[in-house]
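Structure first, then comments.
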Amino acid sequence: MSNPLPATAERTFLGHPRGLFMLFFAEMWERFSYYGMRALLMFYLVKHWLFSDADASMVYGSYTALVYIAPVIGGYLADRYLGQRKAVLYGAILLTFGHFLMAFEGQGGGDTSFLNIFWLALSFIIVGSGFLKANISVMVGQLYPRTDVRRDGAYTIFYMGINLGAALGSLLCGYLGETYGWKYGFGAAGIGMLLGLIVFVLGKPLLRGNGESRDPAKLRERVAGIPFEWMLYLVGLVAVAACWWMVQNQSAVMWLLGIGGVVLLAYVFFFALPKLDSHARQRIIAALILIFGSILFWALFEQAGSSLNLYTDRNVDRSFLGWDVPASMFQSLNAIYIILLAPLFAALWTWLGRRNLEPSTGAKFGLGMVQLGLGFFVLVAGAKAAGLGNLTPVIFIFLLYLLHTMGELCLSPVGLSAMNRLAPAHMASLIMGTWFFASATGNFAAGMISAATGAGAAAGEDASQAVVLDVYTTVGWVAVGVGVFFVLVSPLIKRLMHLETLRDHDELAGEPALGEPQAAGMRVDQETR
């Protein structure tokens with residue numbers, strides 16, 4: 001294994017390792033492709049393949065859930081065998097292939113052969129995301145000591161890269177897809193993913209040895225005449241076939257989430273926690289509390305790509321200087337707001353932290369959920385003021401996404417940083433994968449909520465709009481209530497995190513540096529996983 005070079009020997013850019021900015025641009029292009037395709041997906045299902053609102057919502061929810069389930073497997077394989085760098089590289093290759101397959105649209109409707117190509121494209125994207133998503137986030141953390149005060153700022157910068165790509169992808173792919181044809185929008189997404197792959201390959205030296213396999217000799221071993229490393233890549237292709245079936249059978253995804261959640265929790269409580277000291281155990285419990293809170297957040301936040309997308313298309317006045325702006329382009333608002341606000345939030349947390357006034361992680365989660373609920377209230381108020389059956393003024397869509405984005409900035413980059421900080425080094429990818437598994441559960445729940453908003457579609461436009469607004473009112477109150485609860489219990493969560501005793505492994509006598517295998521006593525845990 002190649003050892004990461006000391007942080008003190010590395011040249012920096014804007015006070016951060018240069019590898020952060022390589023990961024920034026690689027992830028930017030990957031998010032360009034993912035969010036460019038996501039902006040079009042609901043419309044593609046409803047308008048091209050003629051799915052009902054409810055069926056399209058469940059397909060969308062199952063697909064996005066699988067995208068976030070897959071990092072659990074990808075994180076495991078990277079943690080134990082491949083290393084994060086090779087896992088990200090393989091994921092990028094699968095993603096590039098999947099996005100280009102999306103450009104084969106056929107005639108729509110009952111065109112079964114091309115519909116199967118569509119399912120296959122989604123499957124490659126799901127598995128590719130599994131190898132890439134959790135692991136590239138872990139690699140950001142590997143560039144810093146665990147106690148480095150720059151970590152939250154680094155994840156916020158990285159999050160800006162995600163959202164720069166998301167904004168450009170939603171605008172360009174959405175415009176091309178709705179204006180000129182689906183294949184042009186999806187084709188542009190494929191080109192973006194190819195650029196991300198190129199950036200990651202060329203930027204390998206900037207990682208300075210981080211993210212490599214812990215046991216490269218194991219990867220070279222032959223199994224049935226094939227190097228073990230290539231056997232792992234074949235596992236990825238088998239997973240593509242499994243996802244091809246599951247994305248068409250949403251009940252299977254629900255069972256997978258249920259069983260997977262039970263297995264993950266059982267492993268953490270019965271295998272991982274007993275082998276940790278008391279402070280490390282309590283940090284994992286704090287991480288799990290935050291993870292459970294994130295499920296609700298993403299269930300409501302991810303209405304953006306499903307029910308909110310359809311509402312914007314059907315019930316919002318999108319006219320601008322005589323141009324009827326494609327609804328998919330409004331998917332860029334969240335990302336644009338993040339680009340504008342992320343530096344302000346990063347600076348705000350730093351400024352407050354230096355004065356011992358920064359809200360705790362739990363309090364930030366609560367504030368995020370309250371703002372999420374307020375966003376739904378704003379849209380409902382605007383729609384009712386305009387009157388049912390009339391188009392909702394577009395300003396209320398802008399305000400909803402502003403509040404949701406502010407909520408996201410209080411929760412998502414902070415949550416990513418907390419997962420990486422609270423997890424022991426040997427569990428880093430697993431805990432990050434569990435964070436994404438919670439996002440998967442939230443995304444599937446988002447599909448179910450979106451399906452509920454489509455319940456009135458058959459009764460006419462007015463009835464459909466009324467159902468959507470009723471659902472948004474209910475979920476708004478739930479979000480605000482849970483947010484207030486998180487603020488109230490945030491002191492307890494802070495105590496469980498034990499930040500005052502958190503130290504880097506290389507600062508502790510007799511312990512290996514971050515990224516290295518743990519002592520013999522922890523190796524049993526690695527083998528169990």
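Sequential numbering from 1 along the given sequence is applied to the chain's residues.
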So, do [X] and [Y] sit near enough that their side-chain heavy atoms are less than 4.5 Å apart?
X: Val240; Y: Leu120; value: yes
X: Phe32; Y: Cys173; value: yes
X: Ile136; Y: Val140; value: no
X: Tyr60; Y: Ser450; value: no
X: Tyr35; Y: Gln331; value: no
X: Leu82; Y: Phe131; value: yes
X: Leu23; Y: Leu143; value: yes
X: Ile289; Y: Leu496; value: yes

Stepwise side chain to side chain donor-acceptor pair (under 3.5 Å) test for Glu105 and Trp182: CA-CA 7 Å; Glu105 63 182 63; Trp182 308 113; 5.2 Å; no
Could you walk me through whether Leu77 and Tyr233 pass the side chain to side chain contact (heavy atoms under 4.5 Å, CB included) test, one step at a time? CA-CA 10 Å; Leu77 294 178; Tyr233 298 146; over 6 Å; no
Which pair of heavy atoms, one from [X] and one from [Y], lies closest together, and at what distance?
X: Asn309; Y: Ala39; value: ND2-O, 3.2 Å
X: Ser57; Y: Met42; value: OG-CE, 3.8 Å
X: Arg38; Y: Ala304; value: NH2-CB, 3.9 Å
X: Leu232; Y: Tyr81; value: CD1-CB, 3.6 Å
X: Trp245; Y: Ala252; value: CZ3-CB, 3.5 Å
X: Gly74; Y: Asn135; value: O-ND2, 3.3 Å

Whether Arg31 engages the ring of Tyr34 as a cation-pi pair (distance to the six-membered ring centre under 6.0 angstrom, angle to the ring normal within 45°) should be assessed.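 Yes; both conditions hold, so Arg31 lies above the ring face of Tyr34.
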Would you say the side-chain atoms of [X] pair up with the backbone N or O of [Y], donor to acceptor, closer than 3.5 Å?
X: Glu30; Y: Ala26; value: no
X: Ser332; Y: Met329; value: yes
X: Asn210; Y: Met139; value: no

Parallel, tilted or perpendicular: rings of His404 and Phe301 (30°, 60°):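 It falls in the tilted class, 30° to 60°.
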Worked verdict on Leu237 versus Phe124 for side chain to side chain contact (heavy atoms under 4.5 Å, CB included): CA-CA 8 Å; Leu237 295 180; Phe124 272 103; 4.3 Å; yes
Would you say [atom1] of [X] has more than 12 non-hydrogen atoms from neighbouring residues, nucleotides or ligands within 6.0 angstrom?
X: Leu256; atom1: CG; result: yes
X: Lys183; atom1: NZ; result: no
X: Phe51; atom1: CZ; result: yes
X: Tyr184; atom1: OH; result: no

Take Asn334 and Ile338 through the test side chain to side chain contact (heavy atoms under 4.5 Å, CB included) and record every step on the way to the result. CA-CA 6 Å; Asn334 168 245; Ile338 285 183; 4.1 Å; yes
Between Phe444 and Thr441, does the side chain to side chain contact (heavy atoms under 4.5 Å, CB included) criterion hold? Intermediate values first, please. CA-CA 5 Å; Phe444 188 81; Thr441 306; 5.9 Å; no
State which residue, out of Ile125, Asn443, Val253, fulfils the side chain to side chain contact (heavy atoms under 4.5 Å, CB included) condition with Tyr63.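 Result for side chain to side chain contact (heavy atoms under 4.5 Å, CB included) with Tyr63: Ile125.
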Could you point out which residue of Gln282, Arg283, Arg281 forms a side chain to side chain donor-acceptor pair (under 3.5 Å) with His498?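 Among the candidates, only Gln282 passes.
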Indicate whether any N or O donor in one side chain lies under 3.5 Å from an N or O acceptor in the other, for Glu408 and Ser412.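 There is no such pair (donor and acceptor under 3.5 Å, judged by atom type) between the side chains of Glu408 and Ser412.
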Can you pull the ring pair (Phe, Tyr, Trp, His ring centres under 6.0 Å) pairs that have at least one residue in residues 186-218, sequence neighbours excluded?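 Of all non-adjacent pairs touching residues 186-218, those that pass ring pair (Phe, Tyr, Trp, His ring centres under 6.0 Å) are Tyr44-Phe186.
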